[in-house]
Q: 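Here it is: the structure, laid out below.
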Number of protein chains: 2
Amino acid sequence: MTDQGTRRPTRQRAALADELAGAAEFRSAQDIHASLTASGTRVGLATVYRNLQAMATDGEVDVIRTGDGESVYRACATAQHHHHVVCRVCGHTVEVTGDAVERWADAVAAEHGFSEVRHTLEIDGLCADCAAR
Amino acid sequence: MTDQGTRRPTRQRAALADELAGAAEFRSAQDIHASLTASGTRVGLATVYRNLQAMATDGEVDVIRTGDGESVYRACATAQHHHHVVCRVCGHTVEVTGDAVERWADAVAAEHGFSEVRHTLEIDGLCADCAAR
DNA sequence: TCAATAATGAGAACCGTTGTCAAACGGAGG
DNA sequence: CCTCCGTTTGACAACGGTTCTCATTATTGA
């Protein structure tokens with residue numbers, strides 16, 4: 001399993017984990033900090049950023065960059081490698097896996113002499129609800 | 001073909017196009033501005049940003065976001081939809097197309113009720129030269 | 001309980017990018 | 001060729017998300 005290193009449990013980290021557990025969409029650090037503060041939990045913005053990063057490198061949360069360069073976080077359901085389909089309107093997200101794609105990426109890269117290949121793939125569209133207006 | 005709208009040809013825009021035509025890797029606006037300045041071409045940074053954006057929306061250049069949220073630009077060889085395999089060390093880039101992936105993305109999204117699907121896919125690794133140190 | 005050390009918080013600093021607005025420029029008409 | 005008008009430019013301020021600083025607070029092992 002993912003190694004948390006020597007991280008100490010703190011009130012702030014717990015609140016952050018709770019907040020993430022309750023949301024199904026990707027949210028920005030600022031957004032999370034705001035709702036934490038709104039719900040009466042005193043936490044510093046820097047702390048939110050720090051913990052979010054730590055959780056991300058430990059694989060506890062997924063991070064993706066929005067079009068305008070903002071990082072958004074989400075507690076992922078599975079620890080295994082997967083991708084996301086995000087609704088452009090409401091943010092509703094579903095996780096998908098596709099071995100075929102992973103293999104294709106590796107193959108096409110290898111074909112051009114590349115090794116140690118990684119990739120990022122994000123899919124977005126209109127979810128059924130939002131498409132129905 | 002791509003519509004350039006009512007854009008006027010200017011010395012700055014031409015220099016920018018030249019600079020891009022000469023580079024095979026993705027470069028940041030600041031980087032491009034620096035080398036333009038270094039080579040004696042007086043151009044404002046804001047102008048570089050503005051033109052880069054305009055060229056991007058006109059499909060004249062490709063833009064991707066680096067891991068640290070910086071936008072990097074590159075004159076693309078083909079106007080058609082494609083993806084990139086970028087070397088993490090030297091930035092060497094090759095363009096690849098893969099109908100299978102496009103179809104997979106659309107299919108998996110549709111499967112979950114999504115419509116008007118779009119996607120972003122970037123692949124990175126070590127090119128042959130850099131792998132050989 | 002105590003000392004050692006990691007985590008926190010408030011605010012400053014950073015840095016890429018965008019906005020502002022007066023001056024310079026390009027082009028169509030005269 | 002000259003003028004007028006809308007476009008583009010450039011210097012610099014402003015922005016916004018993220019990171020850094022460092023003194024203070026909390027946690028842990030002894």
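Predicted model, so just to flag it, every value in this text is computed and none were measured. Computation of the quantities below employed the complete heavy-atom set of this structure, encompassing side-chain atoms and omitting hydrogens, waters and symmetry-equivalent molecules. Chain identifiers are assigned alphabetically (A, B, ...) following the order of the sequence lines, protein sequences preceding nucleic acid strands; residue numbering begins at 1 within each chain.
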Q: Calculate the interatomic distance between B:N51 atom CG and D:dT7 atom P; express it in whole Å.
A: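 That distance rounds to 15 Å.
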
Q: When rounded to the nearest 0.5 angstrom, what is the spacing between SG in B:C76 and CD in B:E95?
A: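 Taking SG in B:C76 and CD in B:E95, the distance rounds to 6.0 Å.
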
Q: In degrees rounded to 10°, what angle is found between the helical axes fit to the five outermost pairs at each end of the helix from C:dT1-D:dA30 to C:dG30-D:dC1?
A: 30°

Q: For the side chain of A:Y49, starting at C-beta, report the closest nucleotide among D:dT18, C:dT17, D:dT9.
A: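 Looking only at side-chain atoms, A:Y49 lies closest to D:dT18.
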
Q: Ignoring hydrogens and geometry, is there a side-chain-to-backbone donor-acceptor pair from B:R74 to B:A23 under 3.5 Å?
A: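 Side chain of B:R74 to backbone of B:A23, a donor-acceptor pair under 3.5 Å: no, none is there.
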
Q: Consider only side-chain N and O atoms of A:E122 and A:H83, and report whether a donor and an acceptor are under 3.5 Å apart.
A: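 A:E122 vs A:H83: no donor-acceptor pair found between side chains.
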
Q: May I have the distance from A:H33 (atom NE2) to D:dT18 (atom P), rounded to whole angstrom?
A: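 It works out to 13 Å between those atoms.
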
Q: Members other than B:M55 in its cluster, when Ile, Leu, Val, Met, Phe, Trp, Tyr link by side-chain heavy atoms under 4.5 Å?
A: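 In the cluster with B:M55 are B:L16, B:L20, B:I32, B:L36, B:V43, B:V48, B:L52, B:V61, B:V63, B:Y73.
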
Q: Select one nucleotide: of C:dA10, D:dT18, C:dG26, the one nearest the side-chain heavy atoms of A:R42.
A: C:dA10

Q: Side chains of B:D124 and B:V85, heavy atoms from C-beta outward: is any pair under 4.5 Å?
A: no

Q: Can you confirm whether or not the ring centre of B:H33 sits under 6.0 Å from the ring centre of B:Y49?
A: no

Q: Between D:dT8 atom C1' and B:L16 atom CG, what is the distance in whole Å?
A: 14 Å

Q: Taking CG from B:L36 and P from D:dT9, how many angstroms apart are they, rounded to a whole number?
A: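 Taking atom P of D:dT9 as the reference, CG of B:L36 is at 12 Å.
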
Q: Distance alone, cut at 3.5 Å: any donor-acceptor contact between the side chains of B:R65 and B:T120?
A: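 No, B:T120 and B:R65 have no side-chain donor paired with an acceptor closer than 3.5 Å.
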
Q: Grab the CZ-P distance between A:R11 and D:dA26 for me, whole Å please.
A: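 Spelled out: CZ on A:R11 to P on D:dA26 is 9 Å.
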
Q: Give the rounded distance in Å between these two atoms: CG of B:L45 and C1' of D:dA11.
A: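 B:L45 atom CG is separated from D:dA11 atom C1' by 11 Å.
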
Q: Give the intermediate values and the outcome of side-chain contact (heavy atoms from CB on, under 4.5 Å) for residues B:C90 and B:C127.
A: CA-CA 8 Å; B:C90 68; B:C127 72; 3.8 Å; yes

Q: Between C:dG19, D:dT28, C:dT17, spot the one nearest the side chain of A:P9, thanks.
A: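 Side chain of A:P9 sits closest to D:dT28.
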
Q: Which of residues 61-76 of chain A have a heavy atom under 4.0 Å from DNA chain D?
A: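 Output list: A:E70, A:S71.
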
Q: Where the side chain of A:R8 is concerned, which of C:dG16, C:dG9, D:dT27 is the nearest nucleotide?
A: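 Closest of the options to the side chain of A:R8: D:dT27.
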
Q: Check whether the side chain of A:R50 and the base of C:dG9 form a donor-acceptor pair under 3.5 Å.
A: yes

Q: Backbone N or O of A:G91 within a donor-acceptor pair of the A:T93 side chain at under 3.5 Å?
A: yes

Q: Compute whether any side-chain donor of one residue and acceptor of the other, for B:H92 and B:D129, lie under 3.5 angstrom apart.
A: no

Q: Quick check for you: among C:dT17, D:dT27, D:dT9, whose closest atom lies nearest to any side-chain atom of B:T10?
A: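 Looking only at heavy atoms from C-beta outward on B:T10, the closest nucleotide is D:dT9.
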
Q: Could you give the CD-to-P distance, from A:Q12 to C:dA6, as a whole number of Å?
A: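 After rounding, the gap between these two atoms is 17 Å.
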
Q: OP1 or OP2 of C:dG9 less than 4.0 angstrom from a side-chain nitrogen or oxygen of A:T47, does that happen here?
A: yes

Q: Rounded to whole Å, please give me the gap between CD in A:Q53 and C1' in C:dT8.
A: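 Atom CD in A:Q53 sits about 15 Å away from atom C1' in C:dT8.
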
Q: Where the side chain of B:Q30 is concerned, which of D:dT19, C:dT17, C:dT8 is the nearest nucleotide?
A: C:dT17

